[in-house]
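Atoms considered below: every heavy atom in the structure, side chains included; atoms not considered: hydrogens, waters and symmetry mates. Remember, predicted model here, so these are calculated numbers, not experimental data.
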Amino acid sequence: MIKMKKLFSIAFLLFVTLNANAQDKKAKELLDDVTAKIKSYKNIVIDFKYTLTNTKENINQESKGNVTLEGNKYILNFMGATKLYDGKKTYTVVPEDEEITISSANDNDEKSITPSKMLTFFNSGYKYSMDILQNVKGRKIQYIKLVPTNGKDQRKEVLLGIDIQTKHIYNLIEVGKNGTKTTLTVNSFKTNQPLSKNQFIFVASKYPNYYINKLD
């Protein structure tokens with residue numbers, strides 16, 4: 001009887017392990033599909049909603065923004081500021097303060113999801129597994145749970161919602177170890193738009209009275 005129980009336990013653990021590996025494989029395949037789809041576009045223009053909540057601290061904030069992406073270049077308009085990355089430097093324009101900050105980009109930081117990495121950040125630095133499948137207004141959204149492999153990362157987990165049909169990212173939910181939850185939901189996803197040749201070039205003459213703060 002004891003041997004039978006032991007065999008049953010081993011068989012059960014083997015089943016759980018095999019099932020987990022199958023889930024991870026499915027998650028990897030879906031993430032690969034998303035990456036391939038993103039790389040197939042010349043450019044991407046996204047309108048999004050951003051929410052930040054922390055029940056313990058009684059924080060509940062909501063903002064809207066938009067980002068234009070082409071390769072590793074981007075223009076992000078968010079919370080009253082514009083952030084432009086031309087491939088070498090980052091220009092942050094804050095109209096309220098009439099100030100422009102110029103710095104060398106640090107897009108190599110694994111812990112930060114920058115605009116140029118927001119659609120492919122999951123390719124390294126995470127363990128992943130399939131999570132729930134939800135029906136959102138007729139769209140099937142498959143969630144993948146991403147757990148940072150760096151123990152110093154202040155995020156507990158990241159949930160990535162993917163539209164099964166289009167292979168586009170629907171939303172991204174970050175859960176912090178301190179209880180903070182941030183959600184970025186894609187309201188509009190446009191691809192291969194007609195962009196200006198100077199789309200990602202910073203023009204200082206547009207801001208004649210602004211203070212320029214060079215960090216490098």
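The NZ atom of K88 sits 11.0 Å away from the OG atom of S104 when rounded to the nearest 0.5 Å. To the nearest 0.5 Å, the span separating CD1 on I100 from NZ on K214 amounts to 11.0 Å. T51 contributes atom OG1, which lies 12.5 Å from atom CD1 of I59 (distance to the nearest 0.5 angstrom). Note that OH of Y41 and CG of N192 are 7.5 Å apart. Values are rounded to the nearest 0.5 Å. Rounded to the nearest 0.5 Å, atoms CZ (F189) and CG (N187) are 13.0 Å apart. In this structure, Y85 OH and K73 NZ are separated by 9.5 Å, a value rounded to the nearest 0.5 Å.
Of the charged side-chain nitrogens involved, at least one lies within less than 4.0 Å of a carboxylate oxygen, so that K28 and D32 count as a salt-bridged pair. The existence of a salt bridge linking D153 and R155 is confirmed by a sub-4.0 Å separation between a basic side-chain nitrogen and an acidic carboxylate oxygen.
For the pair Y126/V158, a side-chain contact is recorded, criterion being any heavy-atom separation below 4.5 Å from C-beta on. Between F121 and L172 the shortest side-chain heavy-atom distance falls below 4.5 Å. Side-chain atoms of V136 and Y170, non-hydrogen and from C-beta on, do get closer than 4.5 Å to each other. Side-chain contact between T149 and K127: present, with at least one pair of heavy atoms (C-beta onward) separated by less than 4.5 Å. For the pair L52 and T180, the minimum side-chain heavy-atom distance is below 4.5 Å. Taking 4.5 Å as the limit, every side-chain heavy atom of T90 sits out of range of all side-chain heavy atoms of I102. A 4.5 Å side-chain heavy-atom check between L160 and L146 finds at least one atom pair inside the cut-off. For the pair N123 and T35, the minimum side-chain heavy-atom distance is below 4.5 Å.
N198 places no side-chain N or O within donor-acceptor distance of the main-chain N or O of I201, the cut-off being under 3.5 Å. No side-chain donor-acceptor contact under 3.5 Å links N171 to the backbone of L184. Using modelled atom types, one side-chain atom of N150 and one backbone atom of K152 make a donor-acceptor pair closer than 3.5 Å. Put simply, the side chain of Q199 gets close to the backbone of S196: a donor and an acceptor are under 3.5 Å apart. Panel note: side chain K167, backbone I164; a donor-acceptor pair is recorded below 3.5 Å. In this structure, E29 contributes its side chain and A27 its backbone to no donor-acceptor pair below 3.5 Å.
With hydrophobic clusters built from ILVMFWY side chains whose heavy atoms lie under 4.5 angstrom apart, F122 does not share a cluster with I132. Under a hydrophobic-cluster definition in which Ile, Leu, Val, Met, Phe, Trp and Tyr are linked whenever side-chain heavy atoms come within less than 4.5 Å, directly or via other members, L69 and I75 are assigned to different clusters. No chain of hydrophobic side-chain contacts below 4.5 Å, direct or via other Ile, Leu, Val, Met, Phe, Trp or Tyr residues, connects L195 to I38. Hydrophobic clustering, with ILVMFWY side chains joined whenever heavy atoms are under 4.5 angstrom apart, keeps I141 apart from V186. Criterion: ILVMFWY side-chain heavy atoms under 4.5 Å apart, direct or through other members. Under it, I173 and L133 are not part of a common hydrophobic cluster.
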Show your working on side-chain contact (heavy atoms from CB on, under 4.5 Å) between V34 and I169 and close with a plain yes or no.
-> CA-CA 8 Å; V34 172; I169 294 174; 4.1 Å; yes

Audit row: D131, L159, side-chain contact (heavy atoms from CB on, under 4.5 Å) steps and yes/no | CA-CA 8 Å; D131 205 85; L159 290 170; 4.1 Å; yes

Can L31 and I162 be said to form a side-chain contact (heavy atoms from CB on, under 4.5 Å), step by step?
-> CA-CA 9 Å; L31 292 176; I162 299 168; 4.2 Å; yes

Evaluate ring-ring contact (aromatic ring centres under 6.0 Å, His included) for F78 paired with Y50, printing each intermediate quantity in order.
-> CA-CA 9 Å; F78 184 55; Y50 177 89; 5.3 Å; yes

Kindly indicate, with the supporting measurements, whether the criterion side-chain contact (heavy atoms from CB on, under 4.5 Å) is fulfilled by E70 and F200.
-> CA-CA 9 Å; E70 186 174 272; F200 302 99; 3.7 Å; yes

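In summary, of the residues considered (D47, T82, T68), a side chain to side chain donor-acceptor pair (under 3.5 Å) with N77 occurs for T82 alone. Screening K140, Q142, R139 for a side chain to side chain donor-acceptor pair (under 3.5 Å) involving D163 leaves a single residue, R139.
Residues N54 and G179 come closest through the heavy atom pair ND2-C, 3.8 Å. Minimum heavy-atom separation, Q193 to V45: CG-CG2, 3.7 Å.
Checking N60 against T53 by side-chain atom types alone, no donor-acceptor pair falls below 3.5 Å.
Within a 6.0 Å radius of NZ in K56, no more than 12 heavy atoms belonging to other residues, nucleotides or ligands are found.
In terms of the ring-ring contact (aromatic ring centres under 6.0 Å, His included) criterion, residue partners of Y207 (sequence neighbours excluded) are, by chain and number, F202, Y210.
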